[in-house]
Amino acid sequence: MEIALIPGDGIGPEVTAAAMAVVAAATRASGRSVTTETLPWSADHFLATGITIPQDGYTMLRQFDAVFVGALGDPRVPDNRHARDILLGMRFELDLYVNYRPVRLLDERLCPLKDRKPADVDFVVFRENTEGLYVGVGGRFKAGTADEVAIQEEVNTYKGVHRIVRHAFEFAQTTGRTRVCMADKSNAMTDGHALWQRVFKELAPEYPAIQPRHVYIDALALYLVQDPSQFDVIVTNNLFGDIITDLGAALQGGLGMAASGNLHPGRTSMFEPVHGSAPPLAGKNVANPIGAILSAAMMLEYLGAHDEAGAMEAAVAKAVRDRNGTSDIGGALGTRETGDLIAGLVRTSVSR
Ligand code: NAD
Ligand code: IPM
Ligand code: MN
């Protein structure tokens with residue numbers, strides 16, 4: 001398999017190096033060939049060349065089996081232009097309409113909620129990834145004056161809402177999960193989110209074995225803290241999904257633990273940890289690489305390398321249980337050492 005690697009900014013290069021070391025260990029042990037091409041697209045590259053992503057960048061990415069990304073975001077690029085072109089650009093141009101963000105607690109001591117066991121925190125969020133408030137429709141009038149007007153429109157299309165809600169129901173059905181919850185703000189956003197209501201009501205009857213439920217997004221934030229065990233599959237729009245998955249990351253031990261896949265089923269897809277570039281941690285070998293390692297496992301699973309992906313997940317679970325990890329999860333290891341330890345566990349468990 002051929003992977004395009006975009007380490008990006010801040011802690012991105014460190015966590016992707018650790019994750020790729022684990023991928024190398026898993027695939028060497030199984031005998032599967034993997035080639036990686038590293039692309040320099042980042043804040044450094046943009047500041048040095050003025051290029052965020054080359055003109056043929058997205059076309060080039062389609063030649064790979066998958067894209068693996070660290071993080072993008074740098075205080076030296078205050079308008080975040082490079083991240084918009086690279087990260088959001090990939091989501092839009094490769095039409096990666098499913099942002100798949102599982103929330104799984106691996107060890108009860110990592111949950112900030114009291115008395116919650118791993119079985120209580122095990123749900124997935126499907127975040128719509130190609131429209132909503134992220135499309136950049138709008139503009140500023142009289143910018144910088146006391147009369148400034150700033151408009152940013154939310155785009156919801158029938159096709160866009162339908163395909164993500166369909167994906168959530170299909171995922172629930174094929175993985176044996178019995179509850180799908182759609183979260184919107186249709187009580188206030190009575191046009192845009194009425195479309196979400198319509199689509200959800202249209203599709204739910206096609207899945208009689210699945211309990212459909214609607215909650216408003218503000219209540220979802222409340223329920224996720226009060227009792228996350230009531231959720232199996234959550235589907236929501238782009239911005240709400242962004243926010244609620246940071247809350248989800250907290251439930252599983254912090255942003256360092258959370259994985260994601262930006263998918264267009266059947267096409268070149270992109271995998272990245274949920275966290276950002278964490279500038280204060282960069283270059284110190286302290287960032288938790290587990291979110292990146294679990295994202296890499298998700299990528300291998302997506303590409304059909306089931307044994308390798310399973311071994312990577314099991315190795316992460318063991319390391320976490322044994323308190324072998326970075327300080328954010330109560331360990332004493334560095335980023336690199338955590339990656340090496342997990343790679344070692346994988347090496348001994350994968351066979352040809
Ligand atoms: P962040 O995710 O970088 O950090 C939020 C908090 O989580 C910080 O306290 C940080 O120290 C901690 N954290 C994050 N990753 C961690 C890890 N691997 N191990 C241990 N702790 C970790 O979010 P932010 O501070 O809001 O944003 C920083 C920059 O990252 C911004 O430029 C933002 O736009 C960008 N960003 C990028 C992505 C992405 O590339 N997908 C995601 C989120 C934020
Ligand atoms: C994420 C990030 C991005 C988003 C930012 C960096 C634009 O927060 O992937 O969760 O909002 O989608
Ligand atoms: Mn986010």
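None of these values were measured; they are calculated from a predicted model. Just so you know, ligand 1 is whichever comes first in the structure, and atom 1 is the first atom listed for that ligand. Below, each value reflects all heavy atoms present in this structure, side chains not excepted, and no hydrogens, waters or symmetry copies.
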Are any of the heavy atoms in Arg84 under 4.0 Å away from ligand 2? no

Can you find a heavy atom in the side chain of Asp95 that is under 4.5 Å from one in the side chain of Arg163? yes

How far is atom 3 (O) of ligand 1 from its nearest protein heavy atom, and which residue and atom name does that atom have? Ala278 N, 2.8 Å

To which protein heavy atom is atom 7 (C) of ligand 2 closest, and what is the distance rounded to 0.1 Å? Leu88 CD2, 4.1 Å

Side chain or backbone of Leu87 under 4.0 Å from ligand 1, or both, or neither, by non-hydrogen atoms? side chain

Which bit of Pro279 gets closer than 4.0 Å to ligand 1, counting heavy atoms only: side chain, backbone, both or neither? side chain

Out of Asn288, Leu281, Asp328, indicate the one that has the non-hydrogen atom closest to atom 22 (C) of ligand 1. Leu281

Select the closest option to atom 6 (C) of ligand 1 among Leu255, Val286, Thr326, judged by heavy-atom distance. Leu255

Presence of N, O or S from Asp242 under 2.8 Å of the Mn ion (ligand 3): yes

Ring geometry between His264 and Tyr97 (parallel below 30°, tilted from 30 to 60°, perpendicular above 60°): perpendicular

Atom 2 (O) of ligand 1: which of Pro289, Gly276, Ala287, Ala282 has the nearest heavy atom? Gly276

Would a 4.0 Å cut-off, counted as strictly less than, catch a protein heavy atom around atom 37 (C) of ligand 1? yes

Can you pull out the closest protein heavy atom to atom 10 (O) of ligand 2? Residue, atom name and distance to 0.1 Å, please. Asp242 OD1, 2.8 Å

Assign the ring pair Phe126 / Phe171 to parallel, tilted or perpendicular, where the plane angle (0 to 90°) is split at 30° and 60°. perpendicular

Counting heavy atoms only, which part of Val274 comes closer than 4.0 Å to ligand 1: side chain, backbone, both or neither? backbone

So for Arg101 against ligand 2, with non-hydrogen atoms under 4.0 Å, the contacting part is side chain

If you apply the rule salt bridge (Lys or Arg N to Asp or Glu O under 4.0 Å), what do you find for Lys142 with Glu148, and how did you get there? CA-CA 5 Å; Lys142 299 188 179 176; Glu148 178 161 344; over 6 Å; no

